[in-house]
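Following: one structure in structure tokens, then a few remarks.
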Amino acid sequence: MSKPLRVLIVDDSEDDALLVLRALRNGAFEPVFERVDTPEALSAALTRQRWDIVIADYSMPRFNGLSALSIVRQSALDIPFILVSGTIGEDVAVEAMKAGAQDYVMKGNTQRLVSAIERELREVEIRRERKRAESWLRYLAQYDPLTDLPNRNLLHERLDEALVKARRENQPVALLLMDLDHFKEINDTMGHQTGDLLLQEVGRRLQGALRRTATVARLGGDEFAVSLPGMDEQGAVLTARELLKILESSFLIGEIAFDARASIGIAIYPQHGDDKEGLMRHADIAMYAAKRSASGYTVYSPDLDCYSPQRLARMAGLHRAIDNKQLSLAYQPKIDLGTATVVGVEALARWRHSEFGLISPEEFIPMAERTGFIKPLTIWALNSALGQARCWQEKGLNISVSVNLSPRLLHDINFPDRVVEVLETHGLAPEQLELEITENTIMADPACSLEILTRLSRLGVALSIDDFGTGYSSLAYLKKLPVVAVKIDKSFVINMSTDSNDALIVRSTIDLAHNLGLKVIAEGVETREVWDRLVALGCDQAQGYYMSRPLPSGEMTQWLLESPWRTPRANAQEKPLEVVIQSLFCAKPFRWLKDFQRH
């Protein structure tokens with residue numbers, strides 16, 4: 001079957017152009033062409049339509065191939081350019097290649113012309129795919145792809161700009177944080193797809209109600225923010241009332257009408273904070289106050305910090321949660337898409353409070369970050385996860401575990417040593433541990449992060465990037481990181497079989513990561529259709545409800561033993577050397593083994 005080809009021929013000879021076209025047709029192309037022989041005609045043709053390739057004669061009476069090449073390159077179009085000549089010498093050929101020509105072919109060598117065109121078409125597609133992927137990553141670094149609103153990164157940038165101008169001109173700045181009430185119930189009852197559609201509609205209404213100088217951002221989940229440069233407290237209160245009013249009308253999703261109510265916290269520069277961190281924190285406190293009082297909106301007041309007994313109780317309880325055995329880990333398997341084999345599990349922290357019940361990680365992890373408890377929490381998670389991996393190993397199950405890493409740990413020069421200690425305690429090889437980090441985590445302090453990550457990598461611990469694509473404006477730094485894999489966020493994966501934009505993000509991310517030599521893990525695989533699409537795209541691994549939801553350790557053990565997904569087995573008859581040593585000497589096996597090897 002012939003392949004269509006849009007070819008622009010720069011040649012003063014119609015006969016020579018016909019020879020080129022004949023060669024293309026013999027090479028299984030179906031060319032759509034135009035012949036030009038002047039600079040003006042070439043420029044007009046480049047403007048008039050898109051071309052797949054330009055083939056130019058080198059020598060013409062009023063025009064030559066190098067001049068044609070210069071015009072094509074000045075157009076900034078990524079079009080392969082091939083010179084064809086019967087008299088071109090080596091010096092001219094080298095000059096042409098330096099100027100940007102992809103190839104040169106002697107007239108009459110039709111077989112080489114066709115092969116050169118096929119090669120250049122492949123190369124240009126690779127370049128364009130890489131550019132599309134990089135463009136997506138630049139977009140994802142500043143925008144939320146679900147709602148197309150600015151994300152937290154871009155909000156912070158614009159808030160910083162607004163505060164600089166406000167200080168210079170002695171003007172106020174208002175910040176509103178908004179959280180949807182009872183959104184979790186909609187998600188749990190109707191599913192994530194319905195919840196996502198509702199979030200999109202909420203975003204559209206918010207953006208449509210505000211002036212152009214305002215920034216409406218989605219911070220994640222069901223939380224939105226609005227930055228209002230030049231607006232004082234009175235104006236912010238009126239805006240909050242207007243936003244609550246526009247949400248009163250029901251949202252029609254499919255054939256079901258949903259009501260969306262919200263709670264809004266308001267903070268004003270300069271009285272409630274003189275930087276973005278202070279404004280964000282105080283607007284957050286005001287938002288929780290509005291949610292508790294069901295008042296719709298609340299303006300920040302210092303008194304609000306004193307009247308948060310539930311939050312204070314949770315903070316105090318978090319520090320005692322480990323000793324009170326309220327924390328546990330759930331495990332979600334990662335499956336190799338090519339072999340349908342379990343390649344590891346991700347450990348996810350759970351907190352069941354004696355008074356407040358099950359508290360979401362989205363709530364207690366940021367709390368742990370703020371209070372400094374994240375370090376002992378991470379060490380506990382490492383100990384628990386690796387202890388469970390040791391139990392599985394003794395049952396004949398060769399399973400690695402991955403644990404999420406906090407930004408604070410990437411500033412702790414002693415953390416790699418702590419990782420070694422935990423591995424030694426449980427007698428596991430570093431290869432059985434994977435640490436997951438987010439892009440924003442790294443960019444908070446790139447130099448220090450790179451040093452810590454390099455030390456961990458040299459130990460043999462695998463490193464992967466979670467939420468890939470949400471924090472980088474440049475890929476240059478990514479190439480320096482000693483990571484082995486990237487994880488595509490579930491928000492893109494869940495709907496990729498029905499949403500072409502999500503499918504493009506997933507495909508571009510897979511291609512880009514593979515070009516960088518990285519494996520790709522897709523989260524949020526909930527259907528066989530999505531599984532099949534990922535297999536077709538060459539994705540390496542997958543997580544999601546299609547295989548298994550996160551399970552407590554006991555249930556995960558049973559799942560590993562009985563599930564249809566193949567699980568790597570250790571030789572049950574021959575225990576690992578470290579286990580034998582541990583049983584004989586009741587000591588830390590790694591350290592004993594190292595001493596043995598030194599002698």
Side-chain angles (χ1 to χ4, degrees), residues 134-179 199 202-221 223-240 242-243 262 264-287 297 299-300 366 369-370 407 438-447 449 467 469-477:
E134 292 183 3
S135 175
W136 267 116
L137 290 181
R138 286 193 294 271
Y139 168 81
L140 293 175
Q142 295 192 311
Y143 289 90
D144 166 49
L146 177 65
T147 61
D148 204 30
L149 295 174
N151 63 11
R152 188 182 296 269
N153 294 338
L154 186 52
L155 172 72
H156 284 179
E157 287 181 20
R158 292 185 179 174
L159 197 51
D160 275 335
E161 293 170 1
L163 290 172
V164 168
K165 183 179 179 181
R167 294 185 191 103
R168 186 173 61 245
E169 300 179 1
N170 195 27
Q171 293 288 321
V173 176
L175 177 66
L176 280 60
L177 288 189
M178 187 183 86
D179 188 79
L199 292 172
V202 169
R204 277 191 278 270
R205 286 197 193 179
L206 294 177
Q207 199 167 35
L210 294 165
R211 62 191 188 187
R212 294 181 62 184
T213 54
T215 295
V216 183
R218 180 180 174 230
L219 305 185
E223 191 172 10
F224 295 82
V226 179
S227 169
L228 299 164
M231 186 167 288
D232 59 13
E233 182 177 324
Q234 183 179 1
V237 167
L238 291 174
T239 300
E242 182 180 353
L243 295 180
I264 298 176
I266 302 171
I268 310 294
Y269 167 84
Q271 58 262 46
H272 300 148
D274 60 1
D275 57 24
K276 68 173 181 289
E277 288 80 11
L279 288 175
M280 291 288 291
R281 184 164 56 86
H282 290 156
D284 183 61
I285 290 170
M287 182 183 71
Y297 69 89
V299 178
Y300 173 77
E369 294 274 7
R370 288 194 297 269
T438 63
E439 293 170 292
N440 289 333
T441 292
I442 302 164
M443 296 310 291
D445 187 346
S449 298
D467 304 329
T470 60
Y472 278 92
S473 57
S474 169
L475 297 175
Y477 191 77

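What you are looking at is a predicted structure, and each value in this text was computed from that prediction instead of being measured.
We find the CE-OH distance between M178 and Y297 to be 15.5 Å, quoted to the nearest 0.5 Å. The line from CZ of R281 to CG of L177 is 12.5 Å long, rounded to the nearest 0.5 Å. Here CD of E233 is found 6.0 Å from CD of Q271. Values are rounded to the nearest 0.5 Å. Taken to the nearest 0.5 Å, the CZ atom of R158 stands 12.5 Å off from the CG atom of D160. The CE atom of M280 sits 4.0 Å away from atom NE2 of H156, with the distance rounded to the nearest 0.5 Å. Atom NZ of K276 is separated from atom CD of E161 by 11.0 Å, given to the nearest 0.5 angstrom.
Taking each heavy atom of A166 and Y269 in turn, the nearest pair found is CB-CE2, 3.7 Å. When all heavy atoms of S227 and L155 are compared, the pair lying nearest together is CB-CD1, 4.0 Å. Of all non-hydrogen atoms in L199 and G221, the two that sit nearest each other are CD1-O, 3.5 Å. Between I268 and M231 the shortest heavy-atom distance is CG2-O, 4.4 Å. Closest approach of A283 to A267, counting heavy atoms only: N-CB, 3.8 Å. Contact record, Q142 with L154: O-CB, 3.3 Å, taken as the closest heavy-atom pair.
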Worked verdict on V226 versus L243 for side chain to side chain contact (heavy atoms under 4.5 Å, CB included): CA-CA 10 Å; V226 179; L243 295 180; 4.2 Å; yes
Test log, rule side chain to side chain contact (heavy atoms under 4.5 Å, CB included), inputs L163 and L279: CA-CA 11 Å; L163 290 172; L279 288 175; 4.0 Å; yes
Audit row: V299, H272, side chain to side chain contact (heavy atoms under 4.5 Å, CB included) steps and yes/no: CA-CA 10 Å; V299 178; H272 300 148; 3.6 Å; yes
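Residues Y139 and D148 form a side-chain contact, since some pair of their non-hydrogen atoms from C-beta on lies under 4.5 Å apart.
Looking at D144, its side chain never comes within 3.5 Å of a backbone N or O of G220 through a donor-acceptor pair.
If you run side-chain contact (heavy atoms from CB on, under 4.5 Å) between L228 and each of V173, T213, L176, T215, only L176 comes through.
The environment of CD in E169 is crowded: more than 12 heavy-atom neighbours from other residues, nucleotides or ligands sit within 6.0 Å.
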